[in-house]
Amino acid sequence: MEGQNNKMIRNNNSLLLQLFSFLLLLFPQIIKSQEKSFSRQPSGQFIFTPHERSDSEPQQVHISLVGKDHMRVSWVTEDKHARSVVEYGTKQGGEYEAKSKGEHTSYNYFMYQSGKIHHVVIGPLKPNTNYFYRCGGLGPEFSFKTPPLNFPIEFAVVGDLGQTEWTASTLKHVNSKDYDVFLLPGDLSYADTQQPLWDSFGRLVEPYASQRPWMVTQGNHEVEILPITEPTGFKAYNSRWPNPHKESGSNSNLYYSFEVSGTHIIMLGSYTDFDDQSEQYTWLVDDLGKVDRKRTPWVVVLLHAPWYNTNEAHQGEGESMRKSMEVLLFEARVDLVFAGHVHAYERFTRVYDNNADPCGPMYVTIGDGGNREGLALSYKKPVSPLSLYREASFGHGRLRIVNETHAHWSWHRNNDSDAFVADDVWIQSLISFKECWNTQQHHLVAHQEL
């Protein structure tokens, strides 16, 4: 009977996907964001990744960091009786040294019923070590490498990923060179209420997200509010992509922080409350206050809607959040801020309050991962002196932090066969600029007087 129920659920979800695909052909505008008109380059062909394993075998496997030496393994099974257990070790071929049990969840969304979603935390794990693991006691063996304990460390940074031919190209280019952690500043699957597309996305990214930790924050396409039936939003995102928010003192999966290899990374929520009376604001003040720059000399922030943007697309959408929170990042001497949302690439100089400031963060928009909406081609003219490089092309970024004082940022444009380095710059950490810390109180007083 259970097998028949699983089959019925899969058939029902398949019918929902077919209906969505049919409507997409007839009315492509139904999936467009509610935004002002601006020029977009056509996106790549949509890719649907089918389920080809048995109901009991894991699918959509991905991993994420938890604390200093643990990893969360997440996956989905159609079989409701599948076990939430992970066997793992440093030897390949099924000789596992440890086993951890975890938790599971599921959710309904309109007519859709998810599979059993498993989350298991494993560890403690050694740094810079290859581990092999199996989920639920069945299916293929997976492997991952833990990040290094100290510098250097390399982050792949990709926003607005989606599941198109451009997405596949971006992921292929990212994977062509080793990295330690994948950072995604929002807009993952572009399911937009069509829940089978969350499953397809999970299967598409599994070959990559099962090998390196993916740390994500939400974008507007994760909200998925439906009047009456789904009034709160983020149901699929919170169920499928849990973040280590509790470990950082956050009460919400929509904002959190973590530390890895000398870097303190803060994931902010553009689509939850952020004013100075909000829980997120209070949490951010507390989190920044706990940063120890001797232990983590680099501080990096990710959010979705950019605070600085010279593209015609999404103008001003991050402004209210900037006015609320920018001073907090500035006072804490945050080094870099990555955003998505705008489907193009742009790098700014160090900025504070719309002026170039050597003690402010460097801002980067990296919303060019491969989404189905295409690229945002139109930029404001004349070019702002704050904007140092801008280009409407698909691609990905790499942040290689070499040591306590220096890091290298590069943006890789997608070409047909290889990723081409179109923009790169060496960055010096703000902790190494004594003048920024000597003038910190002056800036704070000036801001309060305003």
Side-chain angles (χ1 to χ4, degrees), residues 58 60-75 83-103 118-158 171-172 174-184 202 205-216 241-244 246-248 256-265 267 292 294-298 300 396 398-404 407-408:
Q60 307 175 48
V61 179
H62 61 272
I63 61 174
S64 56
L65 299 172
V66 181
K68 66 177 183 179
D69 56 5
H70 286 69
M71 199 81 73
R72 178 181 284 108
V73 183
S74 301
W75 73 96
R83 296 181 298 153
S84 301
V85 60
V86 172
E87 302 164 282
Y88 63 99
T90 56
K91 297 180 180 179
Q92 189 175 10
E95 295 184 36
Y96 304 118
E97 304 154 10
K99 178 191 292 187
S100 294
K101 295 182 180 179
E103 58 187 18
H118 307 259
H119 303 296
V120 178
V121 176
I122 63 174
L125 306 171
K126 298 177 182 179
N128 201 31
T129 301
N130 290 310
Y131 283 88
F132 302 89
Y133 66 103
R134 185 172 61 178
C135 304
L138 295 171
E141 180 178 74
F142 298 91
S143 67
F144 65 80
K145 189 183 78 171
T146 54
L149 182 62
N150 301 305
F151 301 122
I153 182 172
E154 184 156 330
F155 300 92
V157 189
V158 183
L171 291 173
K172 178 182 176 182
V174 170
N175 209 47
S176 66
K177 182 187 175 190
D178 197 16
Y179 62 97
D180 299 297
V181 180
F182 191 102
L183 302 177
L184 204 167
V205 304
E206 180 191 84
Y208 313 97
S210 62
Q211 295 187 31
R212 295 292 183 274
W214 279 38
M215 308 305 292
V216 307
W241 292 83
N243 297 307
K246 294 180 181 178
E247 288 77 5
S248 62
Y256 65 99
S257 69
F258 64 98
E259 294 184 354
V260 57
S261 308
T263 310
H264 187 88
I265 299 179
M267 300 292 213
D292 181 356
K294 293 181 179 179
R295 187 177 71 249
T296 55
W298 291 86
V300 178
H396 77 279
R398 287 180 178 266
L399 176 64
R400 181 172 178 80
I401 300 181
V402 180
N403 53 37
E404 292 82 358
H408 183 256

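Keep in mind that the numbers below use all heavy atoms, side chains included, and drop hydrogens, waters and symmetry copies. Note that the numbering runs from 1 along the sequence shown for the chain.
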- line: Sorted by chain and residue number, the salt bridge (Lys or Arg N to Asp or Glu O under 4.0 Å) partners of D292 (sequence neighbours excluded) come out as R295
field: Close side-chain approach of I401 and F155, heavy atoms under 4.5 Å
entry: yes
F142 versus P58, closest heavy-atom pair with distance: CE1-CG, 4.4 Å
message: Can you tell me how the ring of Y133 sits relative to the ring of F144, calling it parallel under 30°, perpendicular over 60° and tilted otherwise?
response: tilted
- prompt: By salt bridge (Lys or Arg N to Asp or Glu O under 4.0 Å), which residues pair with E206, not counting sequence neighbours?
  reply: R53
- line: The salt bridge (Lys or Arg N to Asp or Glu O under 4.0 Å) partners of R134 (sequence neighbours excluded) come to E87
message: For a 4.5 angstrom cut-off between non-hydrogen side-chain atoms, does K126 reach Y131?
response: yes
statement: Residues passing the side-chain contact (heavy atoms from CB on, under 4.5 Å) test with N130, sequence neighbours excluded, are K145
Under 3.5 Å, sequence neighbours excluded: what are the donor-acceptor pairs made by side chains of residues 61-74?
{"from": "H62", "atom 1": "ND1", "to": "Q60", "atom 2": "O", "distance (Å)": "3.3"}
{"from": "H62", "atom 1": "NE2", "to": "R240", "atom 2": "O", "distance (Å)": "3.2"}
{"from": "S74", "atom 1": "OG", "to": "H119", "atom 2": "ND1", "distance (Å)": "2.7"}

task: State, with a plain yes or no, whether a side-chain heavy atom of H264 is found less than 4.5 Å away from one of S257.
output: yes
query: Mind checking what makes salt bridge (Lys or Arg N to Asp or Glu O under 4.0 Å) contact with R212, not counting sequence neighbours?
result: D178
task: Specify the closest pair of heavy atoms between Y88 and L125, including all atoms of both residues, with the distance to one decimal.
output: CE1-CD2, 3.8 Å
